[in-house]
Amino acid sequence: MKKIFLFIFGSLGLLILSSCSFFYNLVIKNPPSWTFSEIVSKINQDLDISFESAIQPETSKFYYNSFYEQEPKKIVSFQYSDQSGSISQTYQQNLLGSYFTNYADWLYDPQETYAVYIDLAYGVVYIRDEKNLDYLKVDNSNLNSFHLQQFGFTGLPNVGKYDVLVVPIDFSNVRYNEIQLDDLNLVFNGSSAQTGWESVASYYYKSSSGQLDLTFDFAEVYHSANPTYHYQMMGQRGANQVINEYLGSSPNVDFSAYDHNDDNYVDSIIFVYSNAQNYDIKPWWAWCEVLKDTKINNNLNVGFIQWISYNFINLKYGGFHPNVNAETYIHETGHLLGLLDYYTNNNTEPTGGLDMMARNIGDHTAVSKMLLNWISPKDYGMGVSVNLRDYALSGDFLIIPYNNDFKVFGEYYILLNYQPTGLYEGAKNSHFGYNGQGVMLYHIDARLAFNPYNQFRIFLNNNVDGFKKKFIELVDFSAYNTINLGISYDVLLQPGSWQINLPWNTLGDNNQPSNTQISLNLSPFNGDQSLNVTIAYI
């Protein structure tokens, strides 16, 4: 039995049938035109359903096209013939935000899905068979699979055992010496004991619970014949210039060995330059980007690259003084895996600073590990009662999803039991380190952008641009606690019974902001520092 729900939105009568989802880039190739009544008849006939529109769209012709016919999904699209079909991002975000989430909703769900596209908006006819109602709690989509689907290639694979290419670059006025090159190998491949904390390889092995095992292969040093100021005069383009010079020098490297998923893109290349870093002088800082239009040869393209200074190895701050400091290299490698920056450019700390993708310290938090396909929630929704172990050692966490419908690429809250252990232990004495224990609650808005144009712009919201709506933000518990952590707000909720208001970015009924009131009961910590968490609606 198939259940159908019909809603109308917009002056041209946008059809939306149940659990609506956003999608884009429909390619219509010379389709026949249809009247609206013919469209209705066609839907009823092809899909074996019955519905009528409450409002006749103010146009007479539509295009019809079936663009996805492979089971278990079927998409039937209709395009209004008198409009280009383009939708501005402002229109998408402000007017359609409460009606649509993102196209991953139908891209990955196992139920039958149908679509209707009319004029300046998209709608989805969503039909779920009763037999498909009991689908998996956890959406298996992740950054690698999305990047491959959307862009045709990925960065560094998130799970498995891989070699990663590192290219040291120096200049006529700043040459590497052997000690520096030995230290670079240590910061990428060294043991915890050798580095005084972690290397890039040992960090990701631990953070992924052994699921990502990296070895960094060092190419021969590329000795640029030019001095640093030659590239400095080019600003940001100076980095691309020296990279192109290196690729054009016919280096003795089998680049195909670093295309692990055979998508004809080198998964990642790390370029470590010898000059000192300087945030205010381009190009002497650290970043990652995608050089998808840069070719190595006729069959192979450059994909994700990292550009970073050797001198980050010497960073010392707070009470954290390892032998060699791999933190910035670890952070940038997170970008090679597809993760975003979680800090902002306006001196605020949405994550409290304690995150590898925020201020380069501690572990990756649960949303990052989930996007990388390393962990899944112990449970999600309301009316759950679960024992949560130390997150850093177990990967345990809970999800409170919007409308109790959880998807990785959606909006939800993440609740975890924070202890200053594991990869957090080295950060205890740093500026952003938390030495206490308690529950952390993160607000996550991982809805996908409607028209992502590169791998680092796939989400509707982000932290860096200073949007009011963040990709990730810690809940301020100052109204519930009086714990002084030396930062601007309290982030560790202690055992007890709490009533908490959870605001959502996704608009609710009547296009208005919505909130969820929950009761949260946290038991005292057990001997193993776990605690029981019970969540319910108020």
Side-chain angles (χ1 to χ4, degrees), residues 136-145 156-161 192 197-198 200-214 330-331 333-334 337-340 342 351-352 354-358 361-381 384-401 406-410 412-428 433-434 437-444 446 472 474-475 491-493 522-523 525-533 535:
L136 293 175
K137 288 183 177 181
V138 180
D139 189 339
N140 288 322
S141 53
N142 55 70
L143 285 174
N144 268 176
S145 62
L156 191 60
N158 301 162
V159 175
K161 183 177 176 64
S192 301
W197 182 55
E198 303 293 345
V200 181
S202 67
Y203 178 94
Y204 277 99
Y205 190 82
K206 291 180 179 179
S207 186
S208 68
S209 300
Q211 297 176 85
L212 182 61
D213 188 0
L214 302 176
I330 293 168
H331 171 99
T333 300
L337 293 165
L339 297 176
L340 305 181
Y342 295 164
T351 65
L354 186 65
D355 188 282
M356 183 47 67
M357 301 314 295
I361 58 176
D363 201 353
H364 286 296
T365 197
V367 66
S368 298
K369 294 188 182 187
M370 188 164 52
L371 287 169
L372 297 174
N373 215 24
W374 294 346
I375 60 175
S376 298
K378 290 198 72 173
D379 208 339
Y380 84 101
V384 300
S385 182
V386 174
N387 189 66
L388 286 185
R389 298 167 295 174
D390 176 353
Y391 166 75
L393 301 181
S394 70
D396 285 358
F397 69 103
L398 287 176
I399 291 283
I400 305 172
F406 172 57
K407 293 178 176 63
V408 172
F409 291 118
Y412 42 87
Y413 284 81
I414 283 177
L415 187 147
L416 58 84
N417 171 11
Y418 171 80
Q419 305 286 330
T421 58
L423 291 173
Y424 292 115
E425 188 170 5
K428 285 193 296 186
Y434 303 150
Q437 62 179 8
V439 163
M440 284 183 171
L441 186 65
Y442 291 88
H443 183 190
I444 308 298
I472 178 173
L474 264 172
V475 173
V491 296
L492 296 176
L493 192 63
L522 308 177
S523 73
F525 287 102
N526 300 314
D528 60 357
Q529 303 308 310
S530 67
L531 80 166
N532 188 265
V533 178
I535 304 173

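- Panel note: side chain D396, backbone K378; no donor-acceptor pair is recorded below 3.5 Å.
- Put simply, the side chain of D379 never gets that close to the backbone of P377: no donor and acceptor are under 3.5 Å apart.
- With rounding to the nearest 0.5 Å, the separation of CD in Q529 from OG in S394 is 12.5 Å.
- Taking the six-membered ring for Trp and the full ring otherwise, H364 and Y204 have centroids separated by under 6.0 Å.
- The two atoms that bring S385 and N532 nearest to each other are OG-OD1, 3.2 Å, heavy atoms only.
- Side chain of D355 to backbone of T365: a donor-acceptor contact under 3.5 angstrom is found.
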(request) Begin from the C-alpha positions of Y442 and V367 and carry the test side chain to side chain contact (heavy atoms under 4.5 Å, CB included) through to its verdict. (result) CA-CA 9 Å; Y442 291 88; V367 66; over 6 Å; no

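- Between Y424 and Y418, the ring-plane angle classifies as perpendicular under the 30° and 60° cut-offs.
- Interatomic distance, CG of L398 versus OH of Y380, reported as 13.0 Å (0.5 Å rounding).
- Ring geometry, F406 versus Y412: the interplanar angle exceeds 60°, so the pair is classed perpendicular (tilted spans 30 to 60°).
- Atom-to-atom distance recorded for I399:CD1 and M370:CE is 4.0 Å, nearest 0.5 angstrom.
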(request) Check the pair N142, V408 against side chain to side chain contact (heavy atoms under 4.5 Å, CB included), reporting the backbone distance first and the verdict last. (result) CA-CA 8 Å; N142 55 70; V408 172; over 6 Å; no

(message) Working note: V386 + V533, criterion side chain to side chain contact (heavy atoms under 4.5 Å, CB included); need CA distance, chi angles, decisive distance, verdict.
(response) CA-CA 5 Å; V386 174; V533 178; 5.6 Å; no

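- Closest approach of P401 and G381 over heavy atoms only: CD-N, 3.5 Å.
- Counting heavy atoms from C-beta outward, L214 and L156 have side chains that approach closer than 4.5 Å.
- The distance from atom CG of L212 to atom OG of S207, rounded to the nearest 0.5 Å, is 9.0 Å.
- Using a 4.5 Å heavy-atom cutoff, the side chains of I361 and L354 are in contact.
- Separation of atoms CH2 (W374) and CG (L337) is listed at 6.0 Å; rounding is to 0.5 Å.
- Counting heavy atoms from C-beta outward, S192 and E198 have side chains that approach closer than 4.5 Å.
- Here the CG atom belonging to L372 is positioned 8.0 Å from the CG atom belonging to N144, to the nearest 0.5 angstrom.
- Using a 4.0 Å cut-off between charged nitrogen and carboxylate oxygen, K206 and D363 do not count as a salt-bridge pair.
- For CZ of F525, the number of neighbouring non-hydrogen atoms (other residues, nucleotides, ligands) closer than 6.0 Å is greater than 12.
- Remark: side-chain polar atoms of N417 are paired, donor with acceptor, to backbone N or O of L388 under 3.5 angstrom.
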(message) T333 vs Y203, test: side-chain hydrogen bond (donor to acceptor under 3.5 Å, both in side chains). Steps then yes/no.
(response) CA-CA 11 Å; T333 300; Y203 178 94; over 6 Å; no

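- Proximity of a side-chain donor or acceptor of N526 to a complementary backbone N or O of D528 within less than 3.5 Å is not detected.
- Using a 4.5 Å cut-off on side-chain heavy atoms (C-beta onward), L493 and L441 make no contact.
- A pairwise comparison of heavy atoms in W197 and I330 identifies CZ3-CD1, 3.7 Å as the closest pair.
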